[in-house]
There are 2 protein chains.
Amino acid sequence: MKRGVTIGQAAEFVGVTVKAVRHYHKLGLLPEPQRDSSGYRRYGSGDLLRLVQIRTLAAAGVSLAEIGPLLDADTTRFAATLADVERQLTERIADLTARRDTLHRLADGDRTLLPDRAVALLKRMRGLGFPAEEVAATREAWVLARALVPDGFDDYLTHFEYAVSDPHLLELTRRAAEAATWEPGDPRIDELATAVADHYLADPALLSTVTGLRARNQAATRYRLIAHHGEQPTPAAARLTALFETRLRSAGVVIP
Amino acid sequence: MKRGVTIGQAAEFVGVTVKAVRHYHKLGLLPEPQRDSSGYRRYGSGDLLRLVQIRTLAAAGVSLAEIGPLLDADTTRFAATLADVERQLTERIADLTARRDTLHRLADGDRTLLPDRAVALLKRMRGLGFPAEEVAATREAWVLARALVPDGFDDYLTHFEYAVSDPHLLELTRRAAEAATWEPGDPRIDELATAVADHYLADPALLSTVTGLRARNQAATRYRLIAHHGEQPTPAAARLTALFETRLRSAGVVIP
DNA sequence: CTTGAGGTTGACCCAAGGTCAGGGTGGACG
DNA sequence: CGTCCACCCTGACCTTGGGTCAACCTCAAG
């Protein structure tokens with residue numbers, strides 16, 4: 001009878017696959033045992049013991065790369081390393097937990113990708129009779145804005161809340177939405193742009209909903225992306241925006 | 001000025017590496033944007049929006065493979081999938097927590113790889129004057145035994161606890177340890193083997209510390225591995241063991 | 001003698017990118 | 001005008017902990 005067990009037996013005893021055992025050999029974690037006359041590996045009790053130790057540590061979350069040195073280290077370093085590994089595990093757990101919470105908020109109805117305040121504002125827009133597509137476009141723009149200019153987003157929301165509670169502005173905005181369907185040459189566009197611009201200029205708090213996202217690094221590019229998102233602008237809408245911005249600029253407002 | 005931002009800007013805005021963006025293209029997660037005259041990718045606001053959505057989901061723990069379908073799915077499936085992902089995350093958290101606890105017990109002083117009862121027993125052995133190497137060898141044998149025959153290990157410990165509280169047996173065991181240094185032909189070996197065997201035979205509960213690990217699948221091989229671990233046996237010790245086993249067998253005890 | 005189970009090596013696969021190699025572009029500076 | 005540097009392009013190989021497949025060899029039993 002040949003002494004020592006085959007790889008299959010060793011693997012089964014310890015509760016691991018044959019492939020895993022060979023993997024440990026390749027990593028130098030487990031020394032290659034002697035071979036019998038036909039080239040089969042033959043494992044003795046010492047090998048099995050080592051294998052058990054490897055599995056115990058691996059099951060506890062120690063990476064294979066760390067196990068080798070660990071098993072050969074003295075008690076002090078052994079304990080220290082284990083403590084370190086434990087810390088890493090704790091970190092990963094915290095990370096995963098945070099992810100799960102994010103996910104939970106994400107999955108929870110409509111508050112997809114936006115904070116509660118923003119969701120509430122969008123709802124209010126719908127309640128005020130804004131067309132569904134415009135609300136949807138606004139939502140997208142906000143998602144973008146929050147990602148691109150996170151620091152300014154809260155302020156922006158605050159100002160937007162203020163703007164929404166202004167009946168005159170609401171009326172103007174509603175007309176601006178209609179305007180997208182007008183002829184680009186329609187003289188009412190000019191008139192409307194002036195009216196809106198004047199209203200903004202008359203109220204510094206309101207004005208900052210426009211300028212609030214400015215004044216950061218790479219501001220111009222980011223602003224353009226946000227401001228012109230979702231447009232495929234009709235010529236009339238484009239003209240309205242252009243006139244509006246021109247008028248603000250000529251009044252000394254800095255728009256990127 | 002060319003419209004759209006370059007991949008580096010897009011990546012920076014969204015807080016991701018250039019390589020990651022290209023990776024998303026390769027996975028079909030993010031459609032390839034238009035190229036400018038020099039072949040550079042140029043990203044518009046829609047692309048950025050998509051990128052933000054991808055990052056949001058990925059950061060929440062959704063795998064990239066799932067994100068594609070997810071972003072194109074309707075609200076119902078979106079919510080369902082997210083719930084599923086959340087469940088998986090919860091599972092992984094539980095798993096990691098279990099690992100950390102295992103690790104914690106492992107790191108906690110000497111109870112490395114063995115349950116508390118076993119550690120206590122080993123300590124008691126040391127207290128009873130067993131030489132350090134023998135305690136160490138026993139510890140290794142137990143680690144092996146627990147892994148190879150987990151079901152029988154608790155019973156085995158119980159019996160061992162009983163055996164340790166038997167003064168006569170302790171004395172015999174101590175002499176057996178000495179015996180390893182005797183000449184293989186020493187007649188005292190014969191005598192000692194008989195005495196030990198008789199003592200075991202006289203007490204069925206004690207006998208089961210030997211037989212307890214038997215009676216399982218592949219029992220013989222496993223038993224051999226455990227029993228003969230750490231030996232590099234001196235001729236005298238081997239002879240003692242052989243005589244002991246022979247005597248038990250001839251008394252009708254089944255030893256693998 | 002054949003057959004089936006189990007052994008041997010080697011190569012490729014997964015997720016989510018990182019890193020390196022070799023080469024093209026664009027803008028700033030001397 | 002040349003040069004530099006930062007940025008872009010593609011493509012290929014690396015990571016973890018093994019799983020899976022292929023092609024071949026060996027052992028024990030019928």
Side-chain angles (χ1 to χ4, degrees), chain A residues 1-30 32-43 47 51 54-70 85 88-89 92 95-96 99 218 221, chain B residues 1-30 32-43 47 51 54-70 85 88-89 92 95-96 99 218 221:
Chain A
M1 188 204 76
K2 283 149 184 167
R3 69 191 307 139
V5 301
T6 68
I7 194 171
Q9 289 175 304
E12 194 201 334
F13 291 174
V14 180
V16 79
T17 67
V18 169
K19 194 63 211 286
V21 176
R22 287 203 274 250
H23 191 51
Y24 300 154
H25 285 317
K26 200 156 27 185
L27 295 185
L29 251 177
L30 184 64
E32 286 275 359
Q34 287 176 321
R35 309 289 184 119
D36 64 19
S37 54
S38 63
Y40 286 14
R41 294 177 179 87
R42 291 290 175 167
Y43 296 85
D47 300 313
L51 190 48
I54 292 170
R55 278 316 304 165
T56 304
L57 289 175
V62 184
S63 79
L64 296 190
E66 290 170 302
I67 289 178
L70 199 51
V85 171
Q88 288 176 26
L89 268 187
R92 277 185 52 195
D95 180 52
L96 282 190
R99 285 174 175 226
Q218 295 270 16
T221 309
Chain B
M1 189 205 85
K2 283 151 183 165
R3 68 188 306 138
V5 300
T6 67
I7 194 171
Q9 289 176 304
E12 195 202 333
F13 288 175
V14 180
V16 79
T17 68
V18 168
K19 192 64 212 286
V21 176
R22 286 204 272 251
H23 191 52
Y24 300 154
H25 287 316
K26 199 153 30 184
L27 296 185
L29 250 176
L30 184 64
E32 287 275 358
Q34 287 175 323
R35 309 289 184 119
D36 65 17
S37 55
S38 62
Y40 289 13
R41 295 178 179 86
R42 290 290 175 167
Y43 295 83
D47 300 313
L51 190 49
I54 292 170
R55 277 316 305 167
T56 304
L57 288 174
V62 183
S63 78
L64 296 190
E66 289 170 303
I67 289 178
L70 200 51
V85 172
Q88 289 176 25
L89 269 187
R92 277 188 53 196
D95 181 52
L96 281 191
R99 283 175 176 226
Q218 295 269 20
T221 309

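Note on naming: letters A, B, ... go to the chains in the order of the sequence lines (proteins, then strands), and numbering restarts at 1 for each one.
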* Asked: Can you check side-chain contact (heavy atoms from CB on, under 4.5 Å) on F13(A) and V5(A), steps first, answer last?
  -> CA-CA 10 Å; F13(A) 291 174; V5(A) 301; 4.3 Å; yes
Give each protein N/O atom lying under 3.5 Å from an N/O atom of nucleotides 21-25 of chain C, with the pair distance.
| unit_1 | atom_1 | unit_2 | atom_2 | d |
| --- | --- | --- | --- | --- |
| dG24(C) | N2 | Y40(B) | OH | 2.9 |
| dT25(C) | O4' | Y40(B) | OH | 3.0 |

Take atom [atom1] of [X] and atom [atom2] of [N], then tell me their distance rounded to the nearest Å.
X: I7(B); N: dA6(D); atom1: CD1; atom2: C1'; result: 15 Å
X: R42(B); N: dC8(D); atom1: CZ; atom2: P; result: 9 Å
X: D36(A); N: dC27(D); atom1: CG; atom2: P; result: 7 Å
X: L51(B); N: dG17(C); atom1: CG; atom2: C1'; result: 14 Å
X: Q9(A); N: dA5(C); atom1: CD; atom2: C1'; result: 13 Å
X: I54(B); N: dA15(C); atom1: CD1; atom2: C1'; result: 16 Å
X: Q34(B); N: dC9(D); atom1: CD; atom2: C1'; result: 18 Å

* **Helical bend (five base pairs per end, nearest 10°) for the helix from dC1(C)-dG30(D) to dG30(C)-dC1(D)** =>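 Answer for the end axes of this duplex: 30°.
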* **DNA chain C contacts made by residues 18-30 of chain A, counting heavy atoms under 4.0 Å** => K19(A), R22(A)
* Asked: Do the side chains of I7(B) and Y43(B) get nearer than 4.5 Å, heavy atoms only?
  ->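 Yes. Closest side-chain heavy atoms under 4.5 Å.
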Which atoms form the tightest heavy-atom contact between [X] and [Y], and what is the distance?
X: I67(A); Y: I54(A); value: CD1-O, 3.6 Å
X: A11(A); Y: V18(A); value: CB-N, 3.8 Å
X: H25(A); Y: P33(A); value: CE1-CD, 3.5 Å
X: D47(A); Y: L30(A); value: O-CD1, 3.8 Å

* Sequence neighbours left out, what passes side-chain hydrogen bond (donor to acceptor under 3.5 Å, both in side chains) with S63(A)? Give chain and number order. =>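 Listed in chain order: E66(A).
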* Asked: Looking at residues at least two apart in the chain, or sitting in another chain, which of them share a side-chain hydrogen bond (donor to acceptor under 3.5 Å, both in side chains) with R55(B)?
  -> Y24(B)
* Structure fact -> Hits for salt bridge (Lys or Arg N to Asp or Glu O under 4.0 Å) against R99(A), two or more places apart or cross-chain, chain-then-number order -> D95(A)
* State which residues pass salt bridge (Lys or Arg N to Asp or Glu O under 4.0 Å) with E32(A); sequence neighbours excluded, sorted by chain then number. =>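 Counting only residues at least two positions away or on another chain, E32(A) forms a salt bridge (Lys or Arg N to Asp or Glu O under 4.0 Å) with R35(A), R41(A).
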* To do: Measure the spacing between CG of L70(B) and CG of L64(B) and express it to the nearest 0.5 Å.
  =>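 Between L70(B) CG and L64(B) CG, I get 12.0 Å after rounding to 0.5 Å.
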* **Rounded distance [0.5 Å steps], CZ in R22(B) versus NZ in K19(B)** => 7.0 Å
* Asked: OP1 or OP2 of dC8(D) sitting under 4.0 Å from any side-chain N/O of T6(B)?
  ->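 Yes.
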* Short side-chain N/O contact to dT8(C) OP1/OP2 from R41(A), under 4.0 Å ->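 Yes, because at least one side-chain N or O of R41(A) sits under 4.0 Å from OP1 or OP2 of dT8(C).
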* May I ask you to list the residues of residues 55-70 of chain B, by number, that have any heavy atom positioned under 4.0 Å from an atom of DNA chain D? =>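 Those residues: none at all.
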* To do: Using ring-ring contact (aromatic ring centres under 6.0 Å, His included) as the criterion, list what pairs up with H23(B), not counting sequence neighbours.
  => none
